[in-house]
Amino acid sequence: MSDLRDSDRQLAEFEHGHSAEGLFLRYARGRITHFWHRQLMTLSGAVTLALLIAPRIGLAAASLALLGEAVDLLALRLSQAGLRAGGPVGRYYRLTALSAGFQALTIVACIALAAFTAAPGDANFFCFAYLAGAALNAGLVLQYHPLATWVRLGVYGCALVGILAIESLVVNGVTPRLGYDLLAIGILVYMVWLLTEYVSSNMRRHIDTSRALLQRQRQIETANAELRDQQARLRYLSLVARHAADSVLICGPDRRIEWVNDAFTRITGYTRHEAVGRTPGDLLNCPGTDPQTVRDLERTVADGKPFRAEILNRCKDGREIWVDTTLAPLLSDQGALERVVSIERDITDAKRHEAEMAAARIAAESSERAKSAFLATMSHEIRTPMNAVIGMADLLCETALDADQRLYADTIRTSAEALLKIINDILDLSKLEAGRLSIDPVDFAPGPCVLDAVDLLRPRAEAKGLELAVEFRTRLPAMLHGDDGRLRQILVNLTGNAIKFTEQGSVTILVSHRRRGAEVWLRIEVRDTGIGIPSEKCTRIFDPFAQADAATTRRFGGTGLGLAISRLLARQMGGDISLESHPGQGSCFRVEVQLHPARGLRAPEALPEADLSALAGLRVLLAEDNGTNRLLVQSFLKGTGVLLEMAPNGRIAVERAAAEVFDVILMDLSMPELDGLGATRAIRARGGHHPRIVALTANAFASDRKDCHDAGMDAFLSKPVRKPELLATLAEMAGADPAPARRAAAGGKSL
Ligand code: ADP
């Protein structure tokens, strides 16, 4: 590298030295250096004149010559200094041409002194020789300062012509000597020209040769530097390949191994000696190696393209390993395959980890499925008896009871409802945590929604002598789009807690909203003057099953699920719940949810009061395996005029639906022999009259509703079935269908 820099520097110096400025500087330096040599000639001339003519003539000639030299020397030094200070070359070039002219004139004056003070004709040869010497001296620097050279030669030429003219015309007249003089002058001028030309062309050649030499030297240095670079790179690359952690194989065009690194031996167990000469396939492939991958590899490399794949290899000790292999074909300039370099990384551990992760994922998914199935079963198993308990309690309350009996029946009913709420909460929470609880947005009126929810709890507040108030801080939009059911659920939770944990004072619900773009943020604050919550418990109470303290739990009851569910629901709706509380003074739960502008869709209406007259003569088949539930439905429909038939399982339901005409089939989902979904599909699969089919199920998941719908059911009643819902649904079914079966009215049991 430093050689290359030297060559560059030399070339630059050469070009600078042979530029106009460089040559001019060398001219100045040369003239200054050879100043004393030139004075030898001046001195010898002056001594000659002093001896042959007169000492004063010699002195005058010497003085003149020295004056010219001194002026020229001064101009040259000035030029050197000026150029060093960055002055313009042109100016000094012209200045030194002038000083050269002046110096030539002083030489001419010396010669004239000799010519005209010596006896006529005596000094002619001396003068010509002196002029020729001066002209030669000037001609030698033609390449360095052409202008100074031509000025000097011009002055000498003019002087020659002048001396000859004066000699022949004024002093001697035209004599034969003039002819000899002219011839001698001609020869001298020719010699001067010849010599000058010879020196100049020699110098030009020398410059060209020197430049070519320097350029060649630079090319050699460049090639050398590249070679050294390549050698260093090769050394590094071979070191990298040798010490790489991955296997490196170099194969010839016939795919036989020519070289492997140490990592190859470490990974596969084969030494370099054992590997060289064999193909990687022979050495490493095993029955488990994917033949398609091997074929792809061979084809791609034969096409001269790189290839990457994961391949199963077998080591020398029989162990199978997965390698991530990358093959890079090296091609000649003509495109022929010269070598193939393979880099192979052992990815066995990564593969194993990947397989473990996949297995873990499958296990997690199946455990999630098992959890869902467990929840569905639990839900079904608990709701079925609950159905009977609540239903029977409802029926019991409708009978004539004395005060004690009514209290017992009411207690059964409220306890069963409380139990049902707990079951619903647990189901909600597990669905929320699994991210499977969907928000069902509809258009709804936010003001009445809040008021309805609070009104539900008014009896409880009044029973405790608490003031329960709702304040609207802003004028809410008449309609908004969101899940009103879930909003009501949150509000009932928070207000219910506020009433539960307040012994005296009030519970106030403050409602406001703000808009951000098209979205509406509804904010509801539930404030109470109750027992409050210690600050260290304020975060924990939002955890499932967490309660502020055990004593409170014993006193007030509860599962600790309400707040956890409410917060998850609020977050599901894009908002959150926060809390501010002071023990002994009260709490303020602040919930904010994101709602959207109404979309003009009508909110589903509450179940209309059932028109019981529509039920008279309605032929209904109840497919239900549980005797208590059959009894319950029978009791609910007593006195409605419905003609009820029973089928204890799905198969019998299908047979009866094929043989008779029913308006509605109440279809339990979980039945022996043929379940509700299967029975519905079988009924829908045959032609003829199609009854309306209403699912009765203890499974409360949305996916169950979808299954029912897909099987061909028309409605869905969740267990425990309440009497008003059953009657309303049947009335709706009756209204939707003109009930052809009623006209057939054959053999049905009127209830
Ligand atoms: P639950 O009320 O069924 O126990 P929650 O999740 O609704 O479950 O409430 C968790 C706990 O938070 C309650 O047990 C109670 O200790 C505390 N808490 C909730 N609301 C209030 C309130 N308004 N005042 C005082 N404590 C409250």
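In listed order, ligands and their atoms are each counted from 1.
- In the vicinity of Ile541, heavy-atom distances shorter than 4.0 Å reach the ligand 1 atoms 12 (O).
- Counting only heavy atoms from C-beta outward, the side chains of Leu726 and Leu666 approach each other to under 4.5 Å.
- In summary, the atoms of ligand 1 found under 4.0 Å from a heavy atom of Gly562, numbered by their order in the structure, are 5 (P), 6 (O), 7 (O), 8 (O).
- Salt-bridge formation is not detected for the pair Glu624/Arg630: no Lys NZ or Arg NE/NH1/NH2 atom is positioned less than 4.0 Å from an Asp or Glu carboxylate oxygen.
- Between Glu471 and Arg473 there is a salt bridge, with a side-chain nitrogen of the basic residue lying less than 4.0 Å from a carboxylate oxygen of the acidic one.
- At least one heavy atom of Phe589 sits under 4.0 Å from some atom of ligand 1.
- Listed by number with element, the atoms of ligand 1 under 4.0 Å from a non-hydrogen atom of Ser587 are 24 (N).
- The existence of a salt bridge linking Arg406 and Asp402 is excluded, since no basic side-chain nitrogen approaches an acidic carboxylate oxygen closer than 4.0 Å.
- Checked for salt-bridge contact, Arg523 and Glu525 meet the test: a charged N lies under 4.0 Å from a carboxylate O.
- A heavy-atom distance below 4.5 Å is found between the side chains of Leu563 and Phe589.
- Shown here for Ile524 and Val511, the closest heavy-atom pair between the two residues is CG1-CG1, 4.3 Å.
- Between Glu732 and Arg692, none of the side-chain N atoms (NZ, or NE/NH1/NH2) sits under 4.0 Å from a carboxylate O, so this pair counts as no salt bridge.
- Using 4.0 Å as the threshold, Gly530 has no heavy atom nearer than that to any atom of ligand 1.
- Close approach to Leu561 involves these atoms of ligand 1, each under 4.0 Å from a residue heavy atom: 6 (O), 8 (O).
- Close contacts between ligand 1 and Ala498 involve ligand atoms 23 (N) [criterion: under 4.0 Å to a heavy atom].
- Every atom of ligand 1 is numbered from 1 in the order shown, and the set under 4.0 Å from a heavy atom of Lys500 is 1 (P), 2 (O), 3 (O).
- Residue-to-ligand polar distances keep Ile531 apart from ligand 1: every N/O pair is separated by 3.5 Å or more.
- Ligand 1 lies nowhere less than 4.0 angstrom from a heavy atom belonging to Lys537.
- Salt bridge status for Arg651 with Glu655: present, with a side-chain N to carboxylate O gap under 4.0 Å.
- Residue contacts with ligand 1: Leu563 is placed with a nitrogen or oxygen under 3.5 Å of a nitrogen or oxygen of the ligand (distance criterion only).
- Ligand 1 does not have Asn493 within reach: every non-hydrogen atom of the residue lies 4.0 Å or more from it.
- With Asn497, Asp528, Leu494 as candidates, the residue nearest to atom 20 (N) of ligand 1 on a non-hydrogen basis is Asn497.
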